[in-house]
**Q** 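Pasting in a structure now, in structure tokens, and then I'll have a few things to ask.
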Amino acid sequence: MSSYARTRHVSRTTALAAAAAIAAPMGLLAAAGNASAAPPTCRTDQLKASWTDKGTAKSATPTGEQETAVVELKNSGSETCTLKGQPGVSLTEGKTSETLRGGSDKSEPKQVSLDPGKSTTFTLVFLSEKAEPKQGFTPEKTVVTPPGNKDTVDLSWKWGPVTKQESATHPGNWVGPVGTTVDVSSGKEAD
């Protein structure tokens, strides 16, 4: 083989290798573009919030005990979306308010996927005020900020007076993450 033929053969091989090197990442990009993207975080405006009857709290019946109230978040939008973590929750009465913190269970919250029309829940745990009215207040509304959002949705409070706990070291009022239920006797969250 002449030196011209060898050079031409090497040049052609080099050109083919270069073309393959360029085509491979482009093929991967095309394949990645065809993969379905993860559903977005549910926006507040596509969620409908309501109370359920699954908690231990009874309407406006103070017990002096720790009670639970369960909120349902329903995807009223037309696309699947996800929620993960704890919602922000504040109980308010005029200028008085109490922001509920997360519970003591620090396990990794699960991601909940909501198809259109589907729902998930989260639990509010609170001390129902019965004997010490000066330590309590009766919220007018519950202000909920779904995980991953800044906008809020309001629910009218219907569970009676609550003992103020915001400044307590281990508050008796707290909120669990979406997709779990809370066992008040153990203070633990469960799927």
Side-chain angles (χ1 to χ4, degrees), residues 36-63 66-103 105-129 137-166 171-184 187-191:
S36 61
T41 298
C42 299
R43 298 181 324 272
T44 301
D45 65 356
Q46 73 186 110
L47 294 170
K48 181 182 177 192
S50 60
W51 295 110
T52 73
D53 60 358
K54 296 179 183 175
T56 60
K58 303 299 176 224
S59 185
T61 307
T63 63
Q66 199 168 37
E67 302 288 351
T68 60
V70 179
V71 174
E72 178 182 74
L73 295 174
K74 182 176 183 178
N75 180 358
S76 60
S78 59
E79 296 180 353
T80 299
C81 60
T82 62
L83 290 171
K84 182 178 180 180
Q86 291 171 259
V89 175
S90 293
L91 306 177
T92 64
E93 174 195 27
K95 293 183 180 181
T96 303
S97 70
E98 176 156 352
T99 300
L100 278 60
R101 294 184 257 171
D105 186 354
K106 300 301 179 194
S107 58
E108 178 67 23
K110 66 179 182 176
Q111 179 167 293
V112 178
S113 181
L114 296 178
D115 291 330
K118 298 299 181 181
S119 61
T120 188
T121 60
F122 68 89
T123 305
L124 279 68
V125 178
F126 66 96
L127 287 171
S128 176
E129 180 56 62
F137 73 110
T138 303
E140 296 165 347
K141 63 183 175 178
T142 306
V143 180
V144 176
T145 309
N149 284 269
K150 293 182 180 178
D151 294 330
T152 63
V153 61
D154 296 348
L155 290 170
S156 295
W157 181 258
K158 62 180 191 174
W159 311 113
V162 175
T163 303
K164 295 176 188 171
Q165 291 283 295
E166 195 168 39
N173 301 336
W174 51 279
V175 62
V178 295
T180 62
T181 56
V182 174
D183 177 3
V184 176
K188 297 288 184 188
E189 298 147 6
D191 293 336

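For reference, positions follow the sequence shown, starting with 1.
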**Q** Indicate yes or no: at least one non-hydrogen side-chain atom of Val71 is less than 4.5 angstrom from one of Leu124.
**A**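 Side chain of Val71 against side chain of Leu124, heavy atoms only: contact under 4.5 Å found.
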**Q** For the atom pair CD (Gln165) and CD (Glu98), what is the distance rounded to the nearest 0.5 Å?
**A**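 Output value for this atom pair is 6.5 Å.
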**Q** Just by modelled atom types, is the Glu67 backbone N or O under 3.5 Å from a matching donor or acceptor in the Ser128 side chain?
**A**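 Checked: no pair found.
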**Q** Just by modelled atom types, is the Leu91 backbone N or O under 3.5 Å from a matching donor or acceptor in the Ser97 side chain?
**A**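 Between the backbone of Leu91 and the side chain of Ser97 there is no qualifying donor-acceptor contact (under 3.5 Å).
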**Q** Any side-chain donor paired with an acceptor under 3.5 Å for Thr82 and Ser113?
**A**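 No, Ser113 and Thr82 have no side-chain donor paired with an acceptor closer than 3.5 Å.
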**Q** If you look only at distance, which donor and acceptor atoms sit under 3.5 Å apart when one is on a side chain in residues 152-160 and the other is two or more places apart or in another chain?
**A**
| unit_1 | atom_1 | unit_2 | atom_2 | d |
| --- | --- | --- | --- | --- |
| Asp154 | OD2 | Lys141 | NZ | 3.4 |
| Trp157 | NE1 | Gly160 | O | 2.7 |

**Q** For Arg43 and Asp45, work out which heavy atoms get closest and say how close.
**A**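 The answer is NE-OD1, 2.9 Å.
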**Q** Do Glu72 and Ser119 meet the criterion of a side-chain donor-acceptor pair at a distance under 3.5 Å?
**A**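 Indeed, the side chains of Glu72 and Ser119 share at least one donor-acceptor pair under 3.5 Å.
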**Q** Just wondering, are more than 12 heavy atoms of other shown residues or ligands nearer than 6.0 Å to CD in Glu140?
**A**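 Yes - once you tally the heavy atoms of other residues, nucleotides and ligands closer than 6.0 Å, there are more than 12.
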**Q** Can you find a pair of side-chain heavy atoms, one from Thr41 and one from Asn149, that are under 4.5 Å apart?
**A**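 With C-beta onward as the side chain, the pair touches.
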**Q** Could you walk me through whether Val112 and Leu73 pass side chain to side chain contact (heavy atoms under 4.5 Å, CB included), step by step?
**A** CA-CA 11 Å; Val112 178; Leu73 295 174; over 6 Å; no
**Q** Could you state the interatomic distance from NZ (Lys110) to OG1 (Thr120), rounded to the nearest 0.5 Å?
**A**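 The OG1 atom of Thr120 is 7.0 Å from NZ of Lys110, to the nearest 0.5 Å.
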**Q** Under a 3.5 Å distance rule, please check whether Thr61 uses its side chain to pair with a backbone N or O of Ser59 as donor and acceptor.
**A**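 Checked: pair present.
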**Q** Can you name the nearest heavy-atom pair linking Gln66 to Gly172, along with the distance?
**A**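 Closest heavy-atom pair between Gln66 and Gly172: NE2-O, 2.8 Å.
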**Q** Side chains of Lys150 and Thr145: closer than 4.5 Å at any heavy-atom pair?
**A**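 No, side chains not in contact.
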**Q** Side-chain contact test, heavy atoms from C-beta onward, threshold under 4.5 Å: evaluate it for Lys164 versus Phe137 and give yes or no.
**A**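 Result yes, sub-4.5 Å side-chain heavy-atom pair found.
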**Q** Please check this pair: side chain of Ser90 against backbone of Val143, looking for a donor-acceptor N/O pair closer than 3.5 Å.
**A**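 Not a single qualifying donor-acceptor pair exists.
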**Q** Less than 4.5 Å apart, any side-chain heavy atom of Val70 and any of Phe122?
**A**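 No, their side chains stay 4.5 Å or more apart.
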**Q** Side chain to side chain contact (heavy atoms under 4.5 Å, CB included), that's the test. Do Leu114 and Leu83 meet it? Break it down for me.
**A** CA-CA 8 Å; Leu114 296 178; Leu83 290 171; 4.1 Å; yes
**Q** Which heavy-atom pair separates Asn75 from Thr80 by the least distance, and what is that distance?
**A**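 Between these two residues, the closest heavy atoms are ND2-CA, 4.2 Å.
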**Q** Considering only heavy atoms from C-beta outward, does the side chain of Gln86 approach that of Trp174 to under 4.5 Å?
**A**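 No. Closest side-chain heavy atoms not under 4.5 Å.
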**Q** At their closest point, which heavy atom of Pro87 faces which heavy atom of Pro177, and how far apart are they?
**A**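 In terms of heavy atoms, the two residues are closest at CD-CA, 4.5 Å.
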**Q** When rounded to the nearest 0.5 angstrom, what is the spacing between SG in Cys81 and NZ in Lys118?
**A**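 The SG atom of Cys81 sits 13.5 Å away from the NZ atom of Lys118.
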**Q** Decide yes or no for Glu129 and Val162: does some side-chain heavy atom of the first lie under 4.5 Å from some side-chain heavy atom of the second?
**A**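 No, every pair of side-chain atoms sits at 4.5 Å or beyond.
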**Q** State the NZ-CG distance between Lys74 and Leu47, to the nearest 0.5 angstrom.
**A**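 One finds 11.5 Å between NZ of Lys74 and CG of Leu47.
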**Q** Within a strict 4.5 Å, meaning less than it, do heavy atoms of the Glu108 and Lys84 side chains meet?
**A**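 Yes, their side chains come closer than 4.5 Å.
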